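Every heavy atom of this structure was used, including side-chain atoms; hydrogens, water molecules and symmetry mates were not. All values reported here derive from a predicted model rather than from experimental measurement.
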Amino acid sequence: MNDTNTPSAAKYDLPKAYEFEEVEQRWYEYWLAHKTFSAQMDEGRQAFSIVIPPPNVTGVLHIGHALNNTLQDLLTRYHRMKGDNTLWVPGTDHAGIATQNVVERQLAAEKTTRHELGRDKFIERVWQWRAEKGGTIIQQLKRMGASCDWDRERFTMDEGLSKAVREVFVRLYNEGLIYKGDYIVNWCPRCLTALADDEVEHDPTAGKLYHIRYPYADGSGSVVIATTRPETLLGDTAVAVHPDDERYAGLEKIGIRLPIVDRIIPVVLDHHVQRDFGTGALKVTPSHDRDDYEIGIRHSLERVKVMDERGIMNENAGKYAGLDRFACRTQIVKDLDALGLLVKIDDYEHAVGKCYRCATVIEPTTSKQWFVSVRPLADKAVAAVREGRIKLYPDTWYNTFYAWMDNIRDWCISRQIWWGHRIPAWNCLECGHLIVASEDPGFCPRCGKIHLAQEHDVLDTWFSSALWPFSTLGWPGNTKELQTFYPTSVLITSFDILFFWVARMMMMGLHFMDEVPFRDVYLHALVRDKQGKKMSKSTGNVIDPLDMIKQYGTDAFRFTLTAFAAQGREIRMDEERIDGYRRFINKLWNAARFAQMHIKESEPGIVAVADDPGKLSLPHRWILSRTNATICDVRKALDGYDFNLIASAIYQFTWHEFCDWYVEWIKADLFSDDAGKREQARGVLLCVLEHILKMLHPICPFVTEEIWSQLPGTRGTIMLEAFPEERPLWENAEAEQSMQLLMEVITAIRTIRSEADVHPSAKVQAVLICPDAGKRELLRSFSGSICAMTRAEALEIVESGAVPDDAGHALVNGVEVVVPLKELIDVDAELDKLARERSKIEQDLQRVRGKLGNENFLSNAPPDVVAKEQAKLEELKARLAKNEESRERLGKLR
């Protein structure tokens with residue numbers, strides 16, 4: 001038992017219904033008050049640490065957060081119970097673009113802007129918003145039962161992390177790994193900032209492919225070039241063809257007359273051009289296309305920007321200046337058509353890059369930005385993964401990781417917003433010297449003047465979160481936390497930020513700590529609806545975690561998430577399953593209520609009877625063996641991050657073996673006049689219930705804590721109890737085999753009764769034909785239990801015999817189970833009932849077949865309606881076959 005103070009609530013009889021809302025609030029307050037989540041600087045114990053993927057400070061709890069944090073909490077509670085020195089670091093991300101957008105919307109409602117407010121006042125306003133609203137998701141995580149060490153909560157803009165960000169920037173700059181330069185970037189005209197490659201989402205979009213005639217400069221011909229963005233031709237500075245393309249041999253000596261603009265542009269020979277794509281000629285717009293930018297560098301082409309930062313055509317666009325880029329597209333297509341230069345327009349689906357924050361179509365453009373040269377950092381991360389110092393779960397992600405890292409480009413880290421870590425670089429207004437420093441400089445080290453101007457841009461949010469595993473532990477200081485908990489043990493996150501965040505943490509951790517930031521990475525799937533569709537408010541298929549908690553309870557919701565968390569790319573969530581697992585919680589509650597009736601006056605020491613299983617009767621030996629097997633399965637699944645297998649093992653054992661079989665089997669012993677039988681049953685019952693609660697606690701913390709507190713004796717919190725370990729003494733294959741035979745025989749008799757519609761109160765007689773002497777002896781020794789559990793008034797066990805035609809019959813485990821039925825059933829009445837049922841089924845079949853045979857219905861009905869009718873047809877056919885089977889069986893009883 002642990003030493004934590006017991007809850008103040010006195011012991012009571014568990015009520016009939018589990019009132020989860022009151023229980024959850026009471027226990028979470030208790031855990032917080034008693035600091036049960038707090039990590040200690042204890043070097044004598046093995047450390048387990050995990051950092052939360054910091055949710056945006058603007059965020060509210062969604063289904064992805066719920067899954068992610070349930071799995072983290074499960075592991076945290078498991079390792080805490082294992083006795084590890086356990087730390088789960090919570091925190092939030094300042095979410096530069098998202099947070100600035102939220103506050104700017106507030107200002108717009110007040111008829112003002114951030115520019116009118118000024119930078120300093122605007123930043124004050126954002127901090128004010130964060131103080132008032134920024135803690136919402138933290139409170140929601142607590143509602144989920146998250147056992148983070150809340151005293152160590154961090155924020156990516158707090159003082160310690162800001163210091164770490166500056167330190168990293170300065171070191172990388174001094175090492176030549178951060179530079180500022182002109183480059184083609186992904187620009188969001190809505191957010192007015194550059195985006196990294198992995199902040200651009202590429203969605204298949206229905207568009208147009210415009211085929212435009214580009215005349216030769218000497219008028220001798222023309223080439224047709226296809227583009228999806230005709231507005232960018234205003235910035236074309238060349239046409240590229242493959243050097244070996246004979247169709248255009250010598251064209252580089254002639255040049256091209258650019259349509260609309262009527263400017264002569266060169267033809268360049270470049271191996272990047274695909275000869276077999278389109279006409280084999282490519283328009284080159286270095287200022288508005290990444291590949292064109294590279295071609296431009298290779299051939300020293302002029303760069304002409306034709307749009308401003310808001311996607312409005314600028315002065316270089318000539319008569320189109322002032323038009324929105326898409327309005328310009330429409331107009332320029334009309335003008336090309338009027339000039340006879342528009343050959344054709346094709347429908348064309350292609351991947352269009354959009355801002356991950358606002359879904360605005362991004363515009364590649366040249367801009368002076370700050371970059372991290374990531375190749376040296378990426379090589380370290382790849383080596384760590386290849387050498388097994390970082391393991392990925394599931395292992396299907398290795399190839400994707402390597403492919404992305406092998407083709408990684410320099411990381412654009414500057415953002416043209418105000419909220420975030422301002423880049424620690426200053427320009428001397430006197431001599432132009434650039435100063436990069438951890439502390440604000442007071443003067444220019446080159447000329448000594450004090451007129452300095454700091455960079456306006458802030459750092460990409462992912463830059464600060466890339467430092468999360470060590471910055472949250474006090475780096476750049478050499479803190480006790482770093483010494484104790486770094487590297488962290490495991491990272492749990494969604495696979496879609498493997499490159500946004502996970503890879504960058506690897507790079508930064510290895511570079512600055514000379515050690516991996518985590519040993520394992522578990523990449524969980526994305527949660528979809530039950531049809532596999534992405535959840536969205538517009539489609540109305542969103543499952544709100546807080547609604548589910550309110551309706552079904554936190555434990556049922558957490559158990560559902562765990563049960564669905566198979567290793568893969570997609571989880572299909574179904575609210576009906578949450579209700580199903582609510583029933584599982586209730587099943588456990590009722591089993592605990594039954595147990596409490598028999599053990600509440602006992603001492604916990606009665607579980608000692610389980611230490612000598614050889615003295616116990618078969619059902620007790622069996623349940624202890626199954627308990628041990630479940631412990632082994634659960635621990636193996638926990639250590640291998642097979643979360644769904646954890647839930648499956650506990651569910652199967654608790655519901656079907658403990659509740660459905662063991663509790664029913666020992667009722668006779670619990671009410672027996674034999675004190676020895678009662679003592680065995682009470683002791684093993686309590687022992688197994690304790691083990692179930694401990695195994696289940698990491699998934700379902702509230703109900704397990706409540707039941708635990710009401711078991712016999714003075715108990716502390718279950719959270720600090722030792723997690724169950726393998727008990728080889730309990731392993732008993734012979735007991736499991738024997739009980740399996742008994743359960744299969746009982747199930748067979750019950751099934752025969754059910755299929756023959758024998759009234760539940762009716763007594764049957766059964767015959768067991770068993771050639772095996774050992775099995776016969778076992779069956780005879782438990783004949784009383786078999787009769788009691790099947791409502792049989794007589795059970796005959798014989799070596800051999802014939803099966804009468806008027807009997808129900810089954811063969812299980814080498815035993816023929818025979819139940820005479822003739823005297824138990826009104827055959828004529830049952831046949832009449834089956835005849836009426838058959839008539840109804842045939843009418844329904846005729847109607848469904850008529851629909852499915854109607855071509856108009858098949859052509860006009862939605863696919864899901866047709867699918868429902870097809871499913872109904874199969875169901876009716878199965879019911880008809882079952883009806884016929886029942887009629888044949890009853891016919892034999894006449």
Going by the angle between their ring planes, with limits at 30° and 60°, are Trp655 and Phe584 parallel, tilted or perpendicular?
-> parallel

Counterpart residues, side chain to side chain contact (heavy atoms under 4.5 Å, CB included), relative to Asn590 (two or more places apart) = Arg593

Quick one: are the ring centres of Tyr662 and Phe653 less than 6.0 Å apart?
-> no

Kindly give the heavy-atom pair with the smallest separation between Ala591 and Cys659, and that separation in Å.
-> CB-SG, 3.7 Å

Where do Arg519 and Val516 come nearest, in terms of heavy atoms and distance?
-> NH1-CG2, 3.7 Å

Aromatic Tyr581 / basic Lys587 pairing, under 6.0 angstrom, 45° off normal = no

Measuring from Thr704:OG1 to Ile718:CD1, what's the distance to the nearest 0.5 Å?
-> 5.0 Å

Step by step, work out the side-chain contact (heavy atoms from CB on, under 4.5 Å) result for Asp151 and Lys35.
-> CA-CA 9 Å; Asp151 291 336; Lys35 301 287 186 182; 2.9 Å; yes

Pro487 side chain near Met513 side chain, heavy-atom distance below 4.5 Å = no

In chain order, what residues pass the side chain to side chain contact (heavy atoms under 4.5 Å, CB included) check against Thr76, with sequence neighbours excluded?
-> Phe48, Ile50, Arg80, Thr86, Trp88, Ser147

Here the pair of heavy atoms bringing Ile707 nearest to Ala592 is CG2-CB, 3.6 Å

Taking everything shown except Gln46 itself, do over 12 heavy atoms lie less than 6.0 Å from its CD?
-> no

Looking only at atom types and distance, does a side-chain atom of Arg154 sit under 3.5 Å from a main-chain N or O of Thr472, one as donor and one as acceptor?
-> yes

Set of side chain to side chain contact (heavy atoms under 4.5 Å, CB included) partners for Asp547, sequence neighbours left out | Asp544

Gln25, CD: over 12 other non-hydrogen atoms inside 6.0 angstrom | no

Would you say the side chain of Asn56 lies within less than 4.5 Å of the side chain of Thr99, judging by non-hydrogen atoms?
-> no

Has Lys391 got more than 12 heavy atoms of other residues, nucleotides or ligands less than 6.0 Å from its NZ?
-> no

Kindly determine whether His421 and Phe463 satisfy side-chain contact (heavy atoms from CB on, under 4.5 Å), including the steps that lead there.
-> CA-CA 9 Å; His421 296 100; Phe463 188 90; over 6 Å; no

For Asp574 and Arg577, what are the C-alpha separation, side-chain angles and deciding distance, and is it a salt bridge (Lys or Arg N to Asp or Glu O under 4.0 Å)?
-> CA-CA 6 Å; Asp574 185 351; Arg577 292 291 296 275; over 6 Å; no

Side chains of Asn69 and Met144 in contact at under 4.5 Å (non-hydrogen atoms) = no

Honestly, is Arg727 close enough over Trp730, meaning NZ or CZ under 6.0 Å from the six-membered ring centre and within 45° of the axis?
-> yes

Interatomic distance, Glu575 atom CD to Gln551 atom CD [nearest 0.5 angstrom] = 5.0 Å

Please assess Phe702 against Trp27 for the test ring-ring contact (aromatic ring centres under 6.0 Å, His included), listing each intermediate value before the final yes or no.
-> CA-CA 7 Å; Phe702 295 106; Trp27 277 111; 9.0 Å; no

From CA spacing to verdict: ring-ring contact (aromatic ring centres under 6.0 Å, His included), Trp127, His94 | CA-CA 10 Å; Trp127 277 108; His94 65 279; 9.2 Å; no

Does any non-hydrogen side-chain atom of Ile492 lie less than 4.5 Å from one of Leu523?
-> no

Report the C-alpha separation of Ile63 and Phe557 in whole Å, then their side-chain angles, then the decisive distance to 0.1 Å, and conclude whether the side-chain contact (heavy atoms from CB on, under 4.5 Å) test is met.
-> CA-CA 10 Å; Ile63 195 76; Phe557 184 49; 3.6 Å; yes

Are Asp633 and Arg626 close enough for a salt bridge, meaning some N to O gap below 4.0 Å?
-> no

Is the backbone of Phe485 close enough, under 3.5 Å, to the side chain of Ser49 for a donor and an acceptor to pair up by distance?
-> yes

Taking the side chain as every heavy atom from C-beta outward, state whether Phe723 and Arg635 have any atom pair closer than 4.5 Å.
-> yes

Identify whether the distance between the nearest side-chain nitrogen and carboxylate oxygen of Glu29 and Lys142 falls below 4.0 Å.
-> no

Hey, is Glu21 close enough to Lys550 for a salt bridge, meaning N to O under 4.0 Å?
-> no

Do Val521 and Val490 have side-chain heavy atoms sitting under 4.5 Å apart?
-> no

Is there a donor-acceptor contact under 3.5 Å from the side chain of Tyr486 to the main chain of Glu515?
-> yes

Quick one: does Tyr30's side chain get under 4.5 Å of Thr717's, heavy atoms only?
-> yes

Glu22 atom CD, over 12 foreign heavy atoms within 6.0 Å = yes

Separation of Ile666 CD1 from His620 NE2 (nearest 0.5 Å) = 6.5 Å

Test log, rule side-chain contact (heavy atoms from CB on, under 4.5 Å), inputs Glu690 and Arg715 = CA-CA 12 Å; Glu690 286 182 343; Arg715 295 169 180 265; 2.6 Å; yes

Sorted by chain and residue number, the side chain to side chain contact (heavy atoms under 4.5 Å, CB included) partners of Ser648 (sequence neighbours excluded) come out as none

Shortest non-hydrogen separation from Met505 to Pro517 and the atoms involved | O-CG, 3.4 Å

Pair Arg558 + Asp555, salt bridge at N-O below 4.0 Å = no

Test: Glu706 and Arg26 ion pair at under 4.0 Å | yes

State the CD1-CG distance between Ile623 and Leu685, to the nearest 0.5 angstrom.
-> 10.0 Å

Which heavy atom in Lys133 sits nearest to a heavy atom in Thr136, and how many Å separate them?
-> O-OG1, 3.0 Å

Here the pair of heavy atoms bringing Thr654 nearest to Phe658 is O-CB, 3.4 Å

If only atom types and distance count, is the side chain of Trp501 paired as donor or acceptor with the main-chain N or O of Pro53 below 3.5 Å?
-> no

Exercise answer: donor-acceptor pairs, residues 637-645 side-chain atoms, under 3.5 Å, sequence neighbours excluded:
from   : atom 1 : to     : atom 2 : distance (Å)
Asp639 : OD1    : Tyr78  : OH     : 3.1
Tyr641 : OH     : Asp520 : OD2    : 2.7
Asp642 : OD1    : Gln567 : NE2    : 3.3

Note, Val126 side chain near Gln100 side chain (heavy atom, < 4.5 Å) = no

Roughly how far apart are Ile599 CD1 and Phe594 CZ, rounded to 0.5 Å?
-> 10.0 Å

One should read off an interatomic distance between Asp93 CG and Ile137 CD1, to the nearest 0.5 angstrom, of 11.0 Å

Does atom CD of Glu132 have more than 12 heavy-atom neighbours from other groups under 6.0 Å away?
-> yes

Short N-O contact, Lys82 and Glu725, less than 4.0 angstrom = no

Test salt bridge (charged side-chain N to carboxylate O under 4.0 Å, His left out) applied to Arg130 - qualifying residues, sequence neighbours left out | none

